[in-house]
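All values derive from a computational prediction rather than experimental measurement.
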Amino acid sequence: MIVEEVINKLGFQHKAGKSFTKNNITGIYCCDMLSWVMSHAKQGNVWITVQTHINIVAIASLLDLSCIIIPENGEIDEDTIEKANEEDILIFSTNLNSYEIFCKFYEIGLR
């Protein structure tokens, strides 16, 4: 499933990036410790994190993650949005918490 399909089904708010159709989702990963994400997330994963600083863009780019989702309407730093747009890293936010996001993914068949 590609990011565009998921976003249309789940209604997350687009914050940065533009390539909705090129990013295929291979799985879901949730963690807030950046070094842990670097060593455990896989290419194409959706990354759920409350971190909103510019370093999340570097990690998403390095690992070729499909997108980043910020739960609970976390406020995203303007520098992060600018860098994500430059690097074409998709960032979304939602009022849902991390558990609720996982439940939504499960409901549409992503695990």
Problem set entry | Those residues that, when tested against N97, pass side-chain contact (heavy atoms from CB on, under 4.5 Å) (two or more places apart) |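 For N97, the residues satisfying side-chain contact (heavy atoms from CB on, under 4.5 Å) (neighbours in sequence not counted) are E72, Y99, E100.
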Exercise. Do you know the tightest heavy-atom contact between S19 and L90?
Worked result: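 Residues S19 and L90, closest heavy atoms: O-CD1, 3.6 Å.
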Problem set entry | Residues that H14 engages under ring pair (Phe, Tyr, Trp, His ring centres under 6.0 Å), provided they are two or more places apart |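 H14: ring pair (Phe, Tyr, Trp, His ring centres under 6.0 Å) contacts with F20, F92.
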Any side-chain heavy atom of [X] sitting closer than 4.5 Å to one from [Y]?
{"X": "I70", "Y": "K15", "value": "no"}
{"X": "I69", "Y": "I91", "value": "no"}
{"X": "M33", "Y": "T49", "value": "no"}

Quick one: do [X] and [Y] end up in the same hydrophobic cluster if we chain Ile, Leu, Val, Met, Phe, Trp and Tyr together by side-chain heavy atoms under 4.5 Å apart?
{"X": "L65", "Y": "M1", "result": "no"}
{"X": "I48", "Y": "I7", "result": "yes"}
{"X": "L34", "Y": "W36", "result": "yes"}
{"X": "V57", "Y": "L62", "result": "yes"}

For this session: Show the numbers, then the answer: is there a side chain to side chain contact (heavy atoms under 4.5 Å, CB included) between K83 and N55?
Result: CA-CA 10 Å; K83 187 64 172 174; N55 292 340; over 6 Å; no
Is a side-chain N or O of [X] found less than 3.5 angstrom from the main chain of [Y], in a donor-acceptor match?
{"X": "T80", "Y": "I54", "answer": "yes"}
{"X": "D88", "Y": "N85", "answer": "no"}
{"X": "S61", "Y": "A58", "answer": "no"}
{"X": "T94", "Y": "F12", "answer": "no"}
{"X": "S93", "Y": "N73", "answer": "no"}
{"X": "D32", "Y": "V50", "answer": "yes"}
{"X": "W47", "Y": "C31", "answer": "yes"}
{"X": "S66", "Y": "I25", "answer": "no"}

Which distance, rounded to the nearest 0.5 Å, do you find between the [atom1] of [X] and the [atom2] of [Y]?
{"X": "E4", "Y": "C67", "atom1": "CD", "atom2": "SG", "value": "12.5 Å"}
{"X": "I108", "Y": "L10", "atom1": "CD1", "atom2": "CG", "value": "4.0 Å"}
{"X": "I89", "Y": "I81", "atom1": "CD1", "atom2": "CD1", "value": "14.0 Å"}
{"X": "T52", "Y": "E75", "atom1": "OG1", "atom2": "CD", "value": "7.5 Å"}
{"X": "N45", "Y": "I68", "atom1": "CG", "atom2": "CD1", "value": "12.0 Å"}
{"X": "K104", "Y": "K9", "atom1": "NZ", "atom2": "NZ", "value": "13.0 Å"}

For this session: Identify, with sequence neighbours excluded, every residue that meets side chain to side chain donor-acceptor pair (under 3.5 Å) alongside Q43.
Result: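 Scan of Q43 (side chain to side chain donor-acceptor pair (under 3.5 Å), adjacent residues dropped) gives D64.
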Exercise. Under the side chain to side chain contact (heavy atoms under 4.5 Å, CB included) criterion, do V37 and L63 qualify, and how do the steps go?
Worked result: CA-CA 9 Å; V37 174; L63 298 176; 4.3 Å; yes
Problem set entry | Intermediate values then yes/no, side chain to side chain contact (heavy atoms under 4.5 Å, CB included), H40 and Y29 | CA-CA 9 Å; H40 290 83; Y29 195 78; 3.1 Å; yes
For this session: Go through the steps to decide whether I28 and F102 satisfy the test side chain to side chain contact (heavy atoms under 4.5 Å, CB included), and finish with yes or no.
Result: CA-CA 8 Å; I28 307 158; F102 271 103; 3.4 Å; yes
Exercise. How about M38: does its CE atom have over 12 heavy atoms from other parts shown lying under 6.0 Å from it?
Worked result: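 Counting other residues, nucleotides and ligands, CE of M38 stays at 12 neighbours or fewer.
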